[in-house]
Amino acid sequence: MADNTTVDVNKLTFETLKKIRAYLKRMIDAGGSDLHVKANSVVRARINGDIIPLSGEILSKQDALTFAKEILRSRFGEFTEQKELDFVYPFSETTRFRVNIFFQMEGVSAVFRVIPVKILSIDELNLPSVIHKFTKMERGLILVTGVTGSGKSTTLAALINEINWAQRKHIITIEDPIEFVHKDRKCIVNQRSIGQDTHSFGSALRASLREDPDIILVGEMRDMETIEIALHAADTGHLVFSTLHTLDAKETVNRIVSTFPTDEQNRIRMTLGNVIQGIISQRLIPDINGKRAAALEVLVRTPRIEQLVHDGRDVEIRDAIEEGKDIYGSQSFDQAILDMWRSGRISQEEAFNYATSASDLKLKMEGMDEKIEDTKKGEEKEFSADEIFGLKE
């Protein structure tokens with residue numbers, strides 16, 4: 001670590017940052033999503049899901065520290081005090097990156113995540129059509145979940161963008177940091193960044209209730225205070241969007257409830273059951289073209305879902321989702337993956353690798369093959385007149 005935290009910008013050459021920018025350009029050209037910079041290591045990029053080296057050149061510990069000074073400038077002191085920092089780095093007029101820079105045992109590391117400038121629509125993202133329904137809700141809680149890098153921010157941006165172009169509302173977003181920038185269209189959109197515009201999700205969310213919002217986007221429900229206020233906002237007539245790092249709808253419900261002390265969990269279950277309108281969970285699966293396709297589990301609020309949440313019967317949520325596919329447009333991961341396999345987007349091997357239950361998915365695939373075979377046999381069979389009119393068994 002540096003002996004002092006003050007950076008004299010006039011003494012910086014920005015040569016190291018220039019090298020990193022060259023790596024960023026190479027990653028963009030290769031269609032990558034993340035650049036990994038680490039002291040005493042080579043620079044690597046995540047391309048189509050795999051992390052690969054971009055060269056054999058080692059970034060020294062001192063060069064990594066210099067890079068931190070060059071990219072952070074006046075915020076370098078904050079970095080040395082906090083030990084990690086989130087910010088957005090504008091690379092060009094058409095490309096921005098979300099950056100997390102942090103100290104680790106060998107020095108400074110940083111990860112750059114590409115932020116698309118263009119906000120793709122729900123249809124352009126090939127999301128299930130039921131997702132449009134969530135933009136028309138007047139109140140309640142809608143969650144987008146999945147592991148880091150599964151596209152949660154992209155889906156949220158599509159939802160907010162559709163509202164922004166179609167309705168006359170006040171939208172407040174609370175993010176860390178701001179990724180997609182939403183210009184005022186039919187809506188007023190106020191975007192607040194943690195650290196720069198407010199101290200915390202909790203304080204910003206509490207303040208937002210006094211700012212005449214219709215829609216509130218909370219970048220992440222990280223703690224009990226934020227979850228409590230978000231549930232209250234949804235319960236008092238606001239439409240709240242947020243994210244959680246959970247794998248599916250069942251785990252999402254369980255995670256929210258288990259955040260609270262045991263004696264509070266029944267109350268939280270009742271509130272959550274009353275306000276939850278939808279849960280979109282995402283997994284990225286390698287497709288047959290060597291890229292990645294999003295499989296989505298979609299929970300849509302129904303009387304049965306509400307009752308299951310109230311009663312703590314989380315293990316039954318997946319069955320309820322699957323049973324509601326034809327009526328409500330909901331779908332489990334396995335149903336989504338089955339559809340992707342049927343359409344030829346993913347291989348059978350990858351379908352099994354990413355399924356919630358590979359054995360259940362196999363049975364569904366086999367059942368589908370049997371139905372197709374039965375249909376073919378029915379089409380090929382010739383019937384006599386007696387059989388048609390029921391004169392013969």
Side-chain angles (χ1 to χ4, degrees), residues 86 134 137-148 152-153 155-156 159-160 163 169-179 189-281 299-302 305-314 317:
D86 285 309
F134 296 145
M137 301 286 183
E138 290 295 324
R139 58 176 289 276
L141 178 65
I142 295 164
L143 299 172
V144 181
T145 83
V147 299
T148 301
K152 298 186 295 295
S153 298
T155 298
L156 274 179
L159 288 161
I160 294 299
I163 295 169
K169 305 281 187 180
H170 179 202
I171 301 171
I172 296 176
T173 79
I174 306 161
E175 303 170 74
D176 185 19
I178 292 169
E179 296 187 25
V189 187
N190 281 301
Q191 296 186 258
R192 306 189 70 194
S193 177
I194 304 298
Q196 179 177 317
D197 305 312
T198 183
H199 293 300
S200 69
F201 280 112
S203 61
L205 186 49
R206 192 179 296 106
S208 71
L209 298 179
R210 301 187 295 273
E211 293 159 0
D212 188 34
D214 298 293
I215 294 136
I216 305 169
L217 183 150
V218 185
E220 185 181 345
M221 297 208 299
R222 291 180 179 175
D223 51 49
M224 188 167 69
E225 179 192 22
T226 305
I227 295 172
E228 177 87 78
I229 303 169
L231 289 173
H232 174 69
D235 199 31
T236 53
H238 304 89
L239 182 60
V240 179
F241 293 92
S242 192
T243 71
L244 278 171
H245 292 284
T246 48
L247 295 178
D248 56 24
K250 174 177 70 68
E251 186 189 335
T252 300
V253 171
N254 187 262
R255 176 75 59 83
I256 291 172
V257 174
S258 63
T259 301
F260 292 81
T262 305
D263 60 349
E264 290 284 304
Q265 290 182 4
N266 284 337
R267 176 180 66 84
I268 295 301
R269 277 196 174 278
M270 292 302 294
T271 304
L272 181 60
N274 292 340
V275 303
I276 194 70
Q277 294 287 1
I279 301 175
I280 305 164
S281 300
L299 175 150
V300 179
R301 175 191 179 83
T302 66
I305 291 290
E306 180 181 356
Q307 196 61 50
L308 293 178
V309 175
H310 284 169
D311 295 346
R313 292 152 58 194
D314 300 345
I317 287 176

Exercise for review: Could you give me the CA-CA distance, side-chain angles and deciding distance for Phe241 and Ile163, then say whether side-chain contact (heavy atoms from CB on, under 4.5 Å) is met?
Suggested key: CA-CA 12 Å; Phe241 293 92; Ile163 295 169; 3.9 Å; yes

Close side-chain approach of [X] to [Y], heavy-atom, < 4.5 Å:
X: Arg139; Y: Val275; answer: yes
X: Ile276; Y: Leu143; answer: yes
X: Val253; Y: Leu308; answer: no
X: Ile215; Y: Ile160; answer: yes
X: Ile172; Y: Glu211; answer: yes

Check your understanding: Quick check: are there more than 12 heavy atoms from other residues, nucleotides or ligands sitting under 6.0 Å from NE2 of His245?
Key -> yes

Rounded to the nearest 0.5 Å, what separates atom [atom1] in [X] from atom [atom2] in [Y]?
X: Ile174; Y: Gln191; atom1: CD1; atom2: CD; value: 11.5 Å
X: Met221; Y: Ile256; atom1: CE; atom2: CD1; value: 4.0 Å
X: Asp214; Y: His170; atom1: CG; atom2: NE2; value: 8.0 Å
X: Met270; Y: His310; atom1: CE; atom2: NE2; value: 4.0 Å
X: Thr271; Y: Asp235; atom1: OG1; atom2: CG; value: 6.0 Å
X: Leu239; Y: Ile142; atom1: CG; atom2: CD1; value: 4.5 Å

Ignoring hydrogens and angles, tell me if any N or O in the side chain of [X] forms a donor-acceptor pair with the backbone of [Y] under 3.5 Å.
X: Thr198; Y: Ile194; value: no
X: Ser242; Y: Val218; value: yes
X: Arg301; Y: Gly273; value: yes
X: Thr145; Y: Thr246; value: yes
X: Lys169; Y: Pro213; value: no

Which heavy atom in [X] sits nearest to a heavy atom in [Y], and how many Å separate them?
X: Val144; Y: Lys152; answer: O-CD, 3.6 Å
X: Ala233; Y: His238; answer: O-ND1, 3.0 Å
X: Asp86; Y: Pro177; answer: CB-CD, 4.2 Å
X: Glu175; Y: Thr173; answer: OE2-OG1, 2.6 Å
X: Gln277; Y: Gly140; answer: CG-CA, 3.8 Å

Exercise for review: Any chance you could lay out the side-chain contact (heavy atoms from CB on, under 4.5 Å) test for Ile317 and Asp248, step after step, and finish with the verdict?
Suggested key: CA-CA 10 Å; Ile317 287 176; Asp248 56 24; over 6 Å; no

Point to revise | Asp223 and Thr226: side chain donor to acceptor below 3.5 Å | key: yes

Practice item. In plain terms, say whether Glu228 and Arg206 are close enough for a salt bridge, that is, a side-chain N and a carboxylate O under 4.0 Å apart. Key: no

Review point. So Ile216 and Leu209, side-chain contact (heavy atoms from CB on, under 4.5 Å) or not? Walk me through it.
Key: CA-CA 9 Å; Ile216 305 169; Leu209 298 179; 4.1 Å; yes

Exercise for review: Please step through side-chain contact (heavy atoms from CB on, under 4.5 Å) for the pair Leu272 and Leu141, ending with a clear verdict.
Suggested key: CA-CA 8 Å; Leu272 181 60; Leu141 178 65; 4.1 Å; yes

